[in-house]
Amino acid sequence: MSAPVVPSPEPGGLAGHLDGFVRAVRDAGIPVGISQAVDAAEILTVVDLLDREQLRHGLAAVLLQRAAQRPTYDVLFDLWWPLSDRPVAPAGEGGEDGEGGEPGESTLDLPGSDADLAELMRDQLLQLLMDGDEEALRRFARLAVERLGRGQPSPSGQSFFSYRVLRALSPDTLVSQLLAGLLAEGDRGGLAEQVARQTVRERLAALRAAIEAEVRRRTAAEKGRDKVAKNAVRPLADQVDFLRAQSSDLAELRRAVAPLARRLAVRLSARRRLGREGRLDFRKTVRASLGTGGVPVVTHHRPRKVHKPELVVLCDVSGSVAGFSHFTLMLTQALREHFTGVRAFAFVDSTDEVTRFFRPGADVADAVTRIGREADVVSFDGHSDYGNAFEVFADRWPAAIGPKTSLLVLGDGRTNYRPPGLPVVADMVRRSRSAHWLNPEPRRLWGSGDSAADRYGEVIDMVECRNAAQLAEFVTTL
């Protein structure tokens with residue numbers, strides 16, 4: 001029998017519970033419209049509510065738009081639609097005393113020390129991992145957390161911990177036994193062993209995920225679902241602060257940045273003020289007017305030339321904005337892949353052109369390494385000096401910015417209390433067609449400490465850009 005779902009009591013019964021779940025999904029950053037919420041309510045009428053995985057996939061089908069949203073959704077689903085504490089077995093399937101039992105629990109209710117219990121559970125875990133029964137594995141995870149995961153309450157009030165369960169079970173030490181059980185004697189090595197190893201990795205990952213989900217469920221019962229959700233749900237890739245981005249976020253960020261870079265370059269490209277058709281072709285217009293008695297009823301225009309965007313990107317690559325630096329270089333690479341009229345410059349306390357490191361198809365990580373090794377971006381102590389960096393740029397590349405050039409500066413504007421070089425920035429802005437500065441720090445911090453962002457904002461359009469969502473908003477409103 002599939003595991004029943006027991007939602008916590010909510011005002012309005014099941015409909016109220018679903019409404020709370022939809023609100024939690026929306027609060028996590030996943031856009032859910034009214035029509036999708038209505039579709040979610042319809043899902044409850046067509047799926048088997050006793051089949052938890054069917055309900056999970058059904059709601060996901062109508063609430064999610066991208067695969068990247070699925071991990072966040074799964075965490076919230078496990079909090080809002082947990083397994084029942086005491087699933088009821090169908091008539092005739094109960095134990096000897098007439099009560100239903102959970103799969104994987106009947107042989108473990110034995111006296112003994114914690115070490116004996118852990119050893120018994122390790123034996124059963126080995127068999128469950130061999131069988132690959134996902135439902136039984138989730139049931140086992142619930143029992144393991146109940147019997148092995150309780151510890152002294154932490155200052156935050158949490159009483160169950162996944163690391164206690166994993167330490168007691170040590171599932172990674174079962175790999176060799178699992179491989180021996182999954183492989184026949186003659187299948188060692190080659191493709192068969194690779195497939196078996198991948199299977200073992202997936203099942204161990206499923207076990208860890210089930211244990212973590214059960215710990216979250218129990219913690220939510222103690223502290224409240226909303227409080228746990230705020231700490232357990234990782235922000236979506238487009239909401240991750242660039243300054244705090246982890247390596248695991250970079251791949252998704254790269255996918256989000258590429259289309260935004262293309263749109264950004266289009267928005268920054270030079271636009272002519274002559275309408276869609278270009279300048280008037282006087283000769284063709286006069287020739288055509290001969291057929292109407294010299295009256296130019298129809299005007300002819302020269303074809304409008306498509307102007308390739310000319311962009312100059314100035315990137316702060318100092319250590320204080322390491323996470324943002326990786327983003328800016330990803331943005332630069334994406335711009336270079338689609339448009340040839342882009343020149344990139346990196347700076348710390350000096351400036352150097354790094355366009356050569358971002359040829360189409362180049363790897364961003366390799367470009368970062370080469371910039372650190374080959375680019376002349378440090379002239380004194382390796383600490384940010386915006387004023388000197390801007391002066392070096394203006395002296396070495398005076399013709400880089402012209403009336404058809406859009407200037408894009410990326411950095412936090414923290415000058416280490418050194419001169420900010422405002423006159424140089426003002427002159428660059430005056431000579432460019434348009435100029436914008438993307439700052440990864442919250443607006444409330446501009447001007448605090450050694451930040452000169454508020455002063456730069458007086459001479460250039462300073463925009464808060466802490467994540468990909470804000471970058472998309474900037475591109476849209478540009």
Side-chain angles (χ1 to χ4, degrees), residues 241-245 264 268 311-332 343-355 357 367-368 371-398 400-401 405-432 434-467 470-471 474:
D241 281 6
F242 294 132
L243 294 177
R244 298 177 177 84
L264 176 62
L268 293 176
L311 305 180
V312 168
V313 184
L314 278 168
C315 307
D316 181 359
V317 294
S318 61
S320 63
V321 288
F324 186 61
S325 299
H326 202 106
F327 155 74
T328 61
L329 298 178
M330 283 196 300
L331 178 62
T332 303
R343 296 183 68 180
F345 299 84
F347 66 89
V348 177
D349 60 2
S350 184
T351 305
D352 193 11
E353 183 167 5
V354 295
T355 309
F357 301 133
V368 171
I371 289 174
R373 186 176 61 245
E374 303 176 29
D376 185 16
V377 296
V378 176
S379 63
F380 181 55
D381 60 0
H383 296 288
S384 296
D385 187 341
Y386 277 70
N388 186 65
F390 290 144
E391 290 177 1
V392 170
F393 171 76
D395 291 341
R396 293 182 61 185
W397 298 277
I401 298 178
T405 305
S406 294
L407 173 64
L408 192 62
V409 183
L410 304 106
D412 59 2
R414 292 197 172 272
T415 64
N416 287 299
Y417 300 102
R418 294 168 176 173
L422 289 175
V424 180
V425 176
D427 181 64
M428 292 192 299
V429 173
R430 180 186 58 80
R431 291 188 290 113
S432 66
S434 63
H436 305 276
W437 185 316
L438 303 185
N439 192 321
E441 288 196 332
R443 187 180 297 271
R444 67 179 183 276
L445 298 180
W446 296 359
S448 64
D450 63 342
S451 173
D454 56 339
R455 299 167 64 188
Y456 285 125
E458 297 174 358
V459 298
I460 188 173
D461 178 27
M462 181 76 66
V463 180
E464 179 182 309
C465 186
R466 294 185 291 111
N467 50 51
Q470 289 187 333
L471 175 63
F474 164 69

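In this text, all values refer to a predicted model and were calculated from it rather than measured experimentally.
The side-chain contact (heavy atoms from CB on, under 4.5 Å) test with Leu407 singles out one residue from Val313, Asp461, Ile401, Leu311, and that residue is Ile401.
Closest approach of Val429 and Ala435 over heavy atoms only: CG2-CB, 3.9 Å. Pairing each heavy atom of Ser384 with each of Ser318, the nearest pair is OG-OG, 3.0 Å. Thr355 approaches Ala344 most closely through the heavy-atom pair OG1-N, 2.8 Å. In this structure, Glu464 and Gln470 approach most closely via the heavy-atom pair OE2-NE2, 2.9 Å. Taking both residues in full, the closest heavy atoms of Leu438 and Cys465 are given as CB-CB, 3.9 Å, listed atom of the first, atom of the second, then distance. Taking all atoms of both residues into account, the shortest heavy-atom contact from Pro420 to Arg455 is CG-NH2, 3.8 Å.
We find the CZ-NE2 distance between Phe474 and His436 to be 5.0 Å, quoted to the nearest 0.5 Å. With rounding to the nearest 0.5 Å, the separation of CG in Asp454 from OG in Ser448 is 8.5 Å. Taking CG of Leu314 as the reference point, atom OH of Tyr386 lies at 10.0 Å (rounded to 0.5 Å). Put simply, CE on Met428 and OG1 on Thr405 are 12.0 Å apart, with the number rounded to the nearest 0.5 Å.
In this structure, Asn416 contributes its side chain and Arg418 its backbone to no donor-acceptor pair below 3.5 Å. The main-chain N or O of Ser406 is never found under 3.5 Å from a side-chain atom of Ser432 such that the two would form a donor-acceptor pair. Under the 3.5 Å distance criterion, the side-chain polar atoms of Arg431 are matched with a main-chain donor or acceptor of Pro398. In this structure, Tyr456 contributes its side chain and Ser451 its backbone to no donor-acceptor pair below 3.5 Å. In this structure, Asn439 contributes its side chain and Asp412 its backbone to a donor-acceptor pair below 3.5 Å.
Between Val354 and Glu374 there is no side-chain heavy-atom pair separated by less than 4.5 Å. Using a 4.5 Å cut-off on side-chain heavy atoms (C-beta onward), Trp437 and Val463 make no contact.
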Let me see the working for Arg414 and Leu445 under side chain to side chain contact (heavy atoms under 4.5 Å, CB included), right down to the final yes or no.
CA-CA 10 Å; Arg414 292 197 172 272; Leu445 298 180; 4.2 Å; yes
Begin with the C-alpha distance, continue with both residues' side-chain angles, and end with the deciding distance and a verdict on side chain to side chain contact (heavy atoms under 4.5 Å, CB included) for Asp349 and Val378.
CA-CA 5 Å; Asp349 60 2; Val378 176; 4.0 Å; yes
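Annotation for Arg444: atom CZ does not count as buried by contact number, only 12 or fewer foreign heavy atoms lying within 6.0 Å.
Ring-centre distance between Phe345 and Phe393: below the 6.0 Å cut-off.
Using a 30° and 60° split on the angle between ring planes, Phe390 and Phe347 fall in the tilted class, from 30° to 60°.
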